[in-house]
Enquirer: 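One structure coming up, written as structure tokens, with questions to follow.
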2 protein chains.
Amino acid sequence: MNQQLPNPLISYPEIMAARILLYDDNEALRWSMESLIADHEDLDLLAAMPDAQNLAADLLVFNPDVVLMDIDMPGINGVEAVRLIRQTNENLPVIMLTVFDDNENIFNAICAGASGYILKRYASEEIPAAIRNVMSGGAPMTGSVARKVLQMVPVAKSEEQENYNLSKRETELLQLLVNGFSYKMIGFELNISIDTVRSHIKKIYDKLHVHSATEAVSLAIKKRII
Amino acid sequence: MNQQLPNPLISYPEIMAARILLYDDNEALRWSMESLIADHEDLDLLAAMPDAQNLAADLLVFNPDVVLMDIDMPGINGVEAVRLIRQTNENLPVIMLTVFDDNENIFNAICAGASGYILKRYASEEIPAAIRNVMSGGAPMTGSVARKVLQMVPVAKSEEQENYNLSKRETELLQLLVNGFSYKMIGFELNISIDTVRSHIKKIYDKLHVHSATEAVSLAIKKRII
DNA sequence: TGGTCAATCGCATGATGATGTGGTTTTTAC
DNA sequence: GTAAAAACCACATCATCATGCGATTGACCA
């Protein structure tokens with residue numbers, strides 16, 4: 001380990017400062033972020049790049065603690081850039097900056113491995129706190145984004161988490177149905193007659209209020225009955 | 001409507017203050033929250049209840065702007081309480097307070113309809129901001145919780161997001177299949193012959209490498225092709 | 001100890017699905 | 001401007017599904 005014992009009699013503010021690397025194709029925004037970060041002693045902007053063409057090299061050269069990444073960039077866009085970062089660096093915090101908070105954007109960024117998501121219009125107020133937050137293991141998000149992320153969590157058993165009163169065996173059958181098994185295969189798998197399979201599945205349909213295997217599968221997955 | 005026009009010459013700070021209702025069975029915590037909130041002019045603690053037995057009545061009596069809800073309470077627990085609130089009030093912000101940040105707790109609370117999730121050990125620092133945040137449409141979460149919520153978002157198409165080269169029309173058909181439509185219904189819906197439906201679906205199966213509707217539906221949902 | 005229910009099985013029938021072969025028309029792309 | 005791809009349709013055949021009506025067994029409960 002690369003442990004260093006700090007001398008308690010001397011303060012090393014620059015050692016503790018969060019080393020930040022910024023990507024944004026908008027020059028005006030790069031400037032404003034630069035002055036914003038300069039206002040904070042515990043933040044240190046290493047560089048502000050207009051694009052992510054040399055992403056891998058940049059990371060090696062600057063070795064940042066945090067990356068601020070614009071989503072809409074020419075060439076390699078922000079989402080793709082995060083994906084690239086995640087291929088080599090599992091833990092480097094990446095905060096996305098964007099003007100849009102539509103579901104598609106957010107979802108893609110999160111799935112790519114972004115650690116936070118800040119709207120540019122709130123950047124000046126939120127960025128310093130967001131950087132500190134993400135450094136300590138958090139996931140800073142502009143309020144509206146956080147709301148949308150919550151809505152992405154599979155609703156599932158939210159309200160009437162009745163499992164539709166499926167019996168253990170019926171749940172088992174449904175599971176196989178979801179896995180794409182035919183009646184014949186289910187019967188073979190469970191060592192029961194195909195007529196028994198029919199019987200079970202009819203009862204499942206009744207309880208689920210559906211009339212076909214596709215409906216049952218769809219419902220089972222969406223409501224997480226399986 | 002119960003509108004009142006405020007006199008512009010007089011300031012009414014109490015009118016703007018966030019009206020807060022707190023539920024927690026721990027008396028010490030109720031006290032500390034009381035003094036914490038008292039320190040902020042824009043926050044107003046209406047009442048601190050030890051349990052949620054009279055939840056519905058409490059809401060009518062106090063008509064709060066925000067509810068702070070402990071998760072671990074005897075009788076009606078916090079998650080159940082949120083669910084009850086959501087049955088009558090879709091939009092009332094509810095911030096969960098808890099000592100645990102395990103996935104199960106978070107997931108249940110979010111699914112029940114909680115708007116935020118703050119760990120008690122950070123409450124003194126985070127609660128005032130969280131209340132303001134949630135009032136303006138946000139979803140305040142302690143950093144570690146936010147991280148976990150992100151992980152709950154179905155990863156899905158992250159990696160090899162091949163959409164299996166489905167054409168636009170084929171995706172449309174698949175969507176209907178997922179919704180439980182029969183061939184006949186799909187044909188009617190899209191104004192095409194049932195033979196065309198067959199033709200399309202056969203091609204979909206080929207591209208998805210499946211041989212039945214249930215398999216196709218299952219794959220479509222799990223891989224988020226739809 | 002009689003009633004309810006889950007699980008099992010059988011049979012029958014009409015509807016729907018899966019697959020193949022072959023064709024026309026329209027769009028898209030180079 | 002032509003080749004490829006996508007969208008459309010038809011017919012045929014066998015497999016599978018959806019549904020209904022029974023019926024038997026064992027477990028559990030009041």
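Since this is a predicted model, take the numbers as computed values, not measurements. Proteins come first, then strands; the chains are lettered A, B, ... in the order of their sequence lines, and each starts at number 1.
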Enquirer: Is it the case that the base of D/dC11 and the side chain of B/D195 share a donor-acceptor contact (distance under 3.5 Å, atom types as modelled)?
Expert: yes
Enquirer: Any side-chain N or O of B/H200 below 4.0 angstrom from OP1/OP2 of D/dC8?
Expert: yes
Enquirer: Within this structure, what is the CG-to-C1' distance between A/N191 and C/dC9, rounded to whole angstrom?
Expert: 14 Å
Enquirer: In terms of side-chain heavy atoms, does B/S144 have a donor or acceptor partner in B/T142 at a distance below 3.5 Å?
Expert: no
Enquirer: Side-chain N or O of A/S212 less than 4.0 angstrom from OP1 or OP2 on D/dC17?
Expert: no
Enquirer: Atom NZ of A/K202 and atom P of D/dC21: how far apart are they, to the nearest Å?
Expert: 11 Å
Enquirer: Closer to the 5' end of DNA chain D via nearest nucleotide, is it B/L173 or A/S182?
Expert: B/L173
Enquirer: Expressed as a whole number of angstroms, how long is the span from A/K203:NZ to D/dC21:C1'?
Expert: 13 Å
Enquirer: Could you walk me through whether A/E170 and A/K207 satisfy the salt bridge (Lys or Arg N to Asp or Glu O under 4.0 Å) test, starting with their C-alpha distance in whole Å, then the side-chain angles of each, then the deciding distance to 0.1 Å, before giving a yes or no?
Expert: CA-CA 10 Å; A/E170 284 162 355; A/K207 291 184 179 177; 2.8 Å; yes
Enquirer: How close or far is atom C1' of C/dA7 from atom CD of A/E172, stated in whole angstroms?
Expert: 12 Å
Enquirer: Go through D/dC8, D/dA18, D/dT19 for me and flag the one nearest to the A/H211 side chain.
Expert: D/dT19
Enquirer: On the nucleotide C/dA18, are OP1 or OP2 found under 4.0 Å from the side-chain N or O atoms that B/Y205 carries?
Expert: yes
Enquirer: Would you indicate what B/S199 reaches in the nucleic acid, counting non-hydrogen atoms under 4.0 angstrom: base, sugar-phosphate, or nothing?
Expert: base
Enquirer: Does the B/K148 side chain pair with the main chain of B/D101, one donor and one acceptor, at a distance under 3.5 Å?
Expert: yes
Enquirer: Any idea which of C/dA7, D/dA7, C/dT8 is nearest the A/E170 side chain?
Expert: C/dA7
Enquirer: Could you tell me the separation between the CD1 atom of A/I186 and the P atom of D/dA15, rounded to a whole number of Å?
Expert: 19 Å
Enquirer: Answer with base, sugar-phosphate or nothing: what part of the nucleic acid does A/T196 contact at a heavy-atom distance below 4.0 Å?
Expert: base
Enquirer: Salt-bridge test for B/K203 and B/D206: reply yes if a basic N is under 4.0 Å from a carboxylate O, no otherwise.
Expert: no
Enquirer: Given atom CZ of B/R198 and atom C1' of D/dA7, what is their separation to the nearest angstrom?
Expert: 17 Å
Enquirer: Among C/dA7, C/dG20, C/dA18, which is the nearest nucleotide to the side chain of A/R169?
Expert: C/dA7
Enquirer: If I take atom OH in residue B/Y183 and atom P in nucleotide D/dA18, what distance separates them, rounded to the nearest angstrom?
Expert: 12 Å
Enquirer: If every non-hydrogen atom of B/A81 is compared with every non-hydrogen atom of B/M69, which pair is closest and at what distance?
Expert: CB-CE, 3.5 Å
Enquirer: What's the CD1-P distance between A/I204 and C/dA6, to the nearest Å?
Expert: 12 Å
